[in-house]
Asks: 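Dropping the structure in here first, questions after.
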2 protein chains.
Amino acid sequence: MKLSNSSQYAIRILTYITIQNESLINAFKLSQTLQIPYKFLTKIMTALVKADLVESTRGREGGFRLKKEASKIKVDDILNIFNDNMKKEECLLGIGQCDTHCKCALHDQWMEPKLLLQKMFRESNLEAISKKATKV
Amino acid sequence: MKLSNSSQYAIRILTYITIQNESLINAFKLSQTLQIPYKFLTKIMTALVKADLVESTRGREGGFRLKKEASKIKVDDILNIFNDNMKKEECLLGIGQCDTHCKCALHDQWMEPKLLLQKMFRESNLEAISKKATKV
DNA sequence: AATTAATACCACCTTTAAGTAGTAATTAAA
DNA sequence: TTTAATTACTACTTAAAGGTGGTATTAATT
């Protein structure tokens with residue numbers, strides 16, 4: 001029951017970029033301050049650029065910035081990139097579809113926390129969460 | 001955000017054993033009815049036996065049965081075996097300890113679903129959940 | 001006593017996530 | 001125009017999860 005390293009890193013990266021609010025931040029700086037292996041970080045940045053959450057400037061003095069307003073980027077958008085989000089009807093025990101008519105042993109108990117998690121991921125945006133963080 | 005295959009399988013296996021309530025069920029039967037690869041299932045059974053949730057009888061006519069009352073086996077006990085449970089202060093974003101004084105960007109939003117999940121895992125027992133299941 | 005049907009054990013193979021290495025392409029500054 | 005600093009791309013390596021194979025051990029049945 002946890003997020004993948006890629007998702008964790010990506011959320012931290014985007015939070016930090018939001019907080020800094022500089023015109024451009026480069027990969028070396030991000031890697032240093034967030035303590036994420038440089039080469040792995042650049043791989044994640046490429047994914048964020050491809051997903052249109054971030055835009056990059058190449059060459060000397062280049063770097064990264066958000067491509068949309070921070071308030072428009074949801075945590076769910078980030079998780080989607082790494083296939084780490086909560087799928088609608090997916091069964092917690094991995095037995096195909098799970099609904100009121102065909103319930104796995106944990107279906108009932110799972111409903112409430114699952115809905116809260118979905119809500120959390122879909123409604124939390126970068127602007128809001130970056131204000132709350134006291135560490136990145 | 002999901003359980004490991006081992007945890008999923010283990011919960012299903014134990015639920016099925018609880019529902020059947022036979023004196024002994026063997027690995028072949030479990031593998032067939034639950035559609036779990038035989039060799040992988042036997043590996044999981046060994047873990048369940050070592051964790052004292054299940055006891056085995058070897059030799060011809062042998063098999064498995066619960067070692068305690070179903071009401072005494074919590075979902076959390078099962079997840080613990082496969083290191084798949086929710087650790088107390090573990091940060092959702094993987095930045096060490098997370099508490100009210102040192103908060104990651106998702107700390108506040110994570111508290112409520114996290115508590116519900118912990119409650120669900122700690123309070124759900126095999127007897128209760130096996131009654132609710134309409135599939136295994 | 002031999003056979004058969006079961007679990008236990010150990011080592012291996014496969015797939016996916018995580019992380020690393022090197023080089024090409026780009027652009028600002030010297 | 002050269003150099004330095006940056007992202008982009010491709011391929012590889014490592015670690016962990018998921019899964020398989022073969023044999024030893026056990027115990028009831030024949």
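These values consider heavy atoms only, across backbone and side chains, with no hydrogens, waters or symmetry-generated copies. Within every chain, numbering begins at 1; the chains are lettered A, B, ... in the order of the sequence lines, protein sequences first and strands thereafter.
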Asks: Kindly work out whether a path of hydrophobic side-chain contacts (I/L/V/M/F/W/Y, heavy atoms less than 4.5 Å apart) joins A:L116 to A:W110.
Replies: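 A:L116 and A:W110: separate clusters.
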Asks: C:dT16 P sits how many Å from A:N5 CG, rounded?
Replies: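 Answer to the nearest Å: 18 Å.
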Asks: Mind calculating the distance between NZ (B:K67) and C1' (C:dT7) to the nearest angstrom?
Replies: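 B:K67 atom NZ is separated from C:dT7 atom C1' by 15 Å.
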Asks: Is it the case that more than 12 heavy atoms not belonging to B:K50 sit under 6.0 Å from its NZ atom?
Replies: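 Counting other residues, nucleotides and ligands, NZ of B:K50 stays at 12 neighbours or fewer.
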Asks: Under 4.0 Å, heavy atoms only, any strand: does B:F82 hit a base, just the sugar-phosphate, or nothing?
Replies: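 Counting heavy atoms under 4.0 Å across all strands, no contact is made by B:F82.
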Asks: Do the side-chain N or O atoms of A:T57 get closer than 4.0 angstrom to the phosphate oxygens (OP1, OP2) of C:dT26?
Replies: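 So the side chain of A:T57 is outside the cut-off, no N or O lying under 4.0 Å from OP1 or OP2 of C:dT26.
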Asks: Represent DNA chain C in dot-bracket notation, 5' to 3'. Only Watson-Crick or G-U wobble pairs with both distances under 3.5 Å count; pseudoknot-style crossings use [ ] and interstrand partners use |.
Replies: ||||||||||||||||||||||||||||||
Asks: Taking atom C1' of C:dT7 as reference, at what distance in whole Å does atom CD1 of B:I44 sit?
Replies: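 In whole Å, C:dT7 C1' and B:I44 CD1 are 15 Å from each other.
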Asks: Of all heavy-atom pairs between B:N26 and B:G62, which one has the smallest distance, and what is that distance?
Replies: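 Closest heavy-atom pair between B:N26 and B:G62: CB-O, 3.9 Å.
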Asks: Need one value for B:T42: base, sugar-phosphate or nothing, where a base atom within 4.0 Å counts as base even if backbone is also close, heavy atoms only.
Replies: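 Nothing: the residue B:T42, judged by heavy atoms under 4.0 Å, touches no strand.
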Asks: After noting the C-alpha distance and the side-chain angles of A:D76 and A:N85, does the key distance pass the side-chain hydrogen bond (donor to acceptor under 3.5 Å, both in side chains) rule?
Replies: CA-CA 7 Å; A:D76 198 49; A:N85 55 334; 4.6 Å; no
Asks: Can you tell me how far P of D:dC9 sits from CE of A:M45, to the nearest Å?
Replies: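 That distance rounds to 14 Å.
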Asks: Counting only side-chain heavy atoms from C-beta out, which of C:dA18, C:dA8, C:dT23 sits nearest to A:S6?
Replies: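 Nearest listed nucleotide: C:dA18.
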Asks: In whole Å, I'd like the distance from the CG atom of A:L3 to the P atom of C:dA17.
Replies: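 That distance rounds to 14 Å.
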Asks: Just how far, in rounded Å, is P of D:dT7 from CD1 of A:I25?
Replies: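 Spelled out: CD1 on A:I25 to P on D:dT7 is 11 Å.
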Asks: So, under a plain 3.5 Å distance rule, would you say the side chain of B:K43 forms a donor-acceptor pair with the base of D:dG18?
Replies: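 Checked by distance alone, the answer is no.
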Asks: Could you say whether A:E61 or B:R60 is positioned toward the 5' end of DNA chain C, judged by the nucleotide with the nearest heavy atom to each?
Replies: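 With A:E61 and B:R60 compared, the 5'-side residue is B:R60.
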Asks: Determine: side-chain N/O of B:Y9 to OP1/OP2 of D:dG19, distance under 4.0 Å, yes or no.
Replies: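 Yes, such a contact exists.
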Asks: When only distance counts, do a donor and an acceptor, one from the side chain of B:K39 and one from the base of D:dG22, lie under 3.5 Å apart?
Replies: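 Side chain to base: pair found, below 3.5 Å.
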Asks: Let me check something: do A:L126 and A:L24 share a hydrophobic cluster, defined by ILVMFWY side-chain heavy atoms less than 4.5 Å apart, either directly or through other members?
Replies: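 Shared cluster, no.
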Asks: Could you tell me whether A:F64 contacts a base, only the sugar-phosphate backbone, or nothing, with contacts defined as non-hydrogen atoms closer than 4.0 Å?
Replies: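 Contact class for A:F64: sugar-phosphate only.
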Asks: Under the side-chain hydrogen bond (donor to acceptor under 3.5 Å, both in side chains) criterion, do B:T15 and B:T18 qualify, and how do the steps go?
Replies: CA-CA 5 Å; B:T15 301; B:T18 302; over 6 Å; no
Asks: Could a donor-acceptor pair under 3.5 angstrom be found where the side chain of A:R58 meets the base of D:dT6?
Replies: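 By the distance-only test, no, there is no pair.
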Asks: If the threshold is 4.0 Å, N to carboxylate O, is there a salt bridge linking B:R65 and B:E55?
Replies: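 Counted as a salt bridge, because a side-chain N and a carboxylate O are separated by less than 4.0 Å.
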Asks: Are B:M111 and B:F121 connected in the hydrophobic side-chain network, where two residues link if heavy atoms are under 4.5 Å apart?
Replies: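 The answer is no; the residues belong to distinct hydrophobic clusters.
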Asks: Which is true for A:K50 with a 4.0 Å heavy-atom rule: it touches a base, it touches only sugar-phosphate, or it touches nothing?
Replies: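 Here A:K50 touches the backbone only, sparing every base.
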Asks: Grab the CZ-P distance between A:F28 and D:dA8 for me, whole Å please.
Replies: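 Those two atoms, CZ and P, are 18 Å apart.
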Asks: Please report the distance, rounded to the nearest Å, between CD in B:E55 and P in C:dA6.
Replies: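 Between P of C:dA6 and CD of B:E55: 18 Å.
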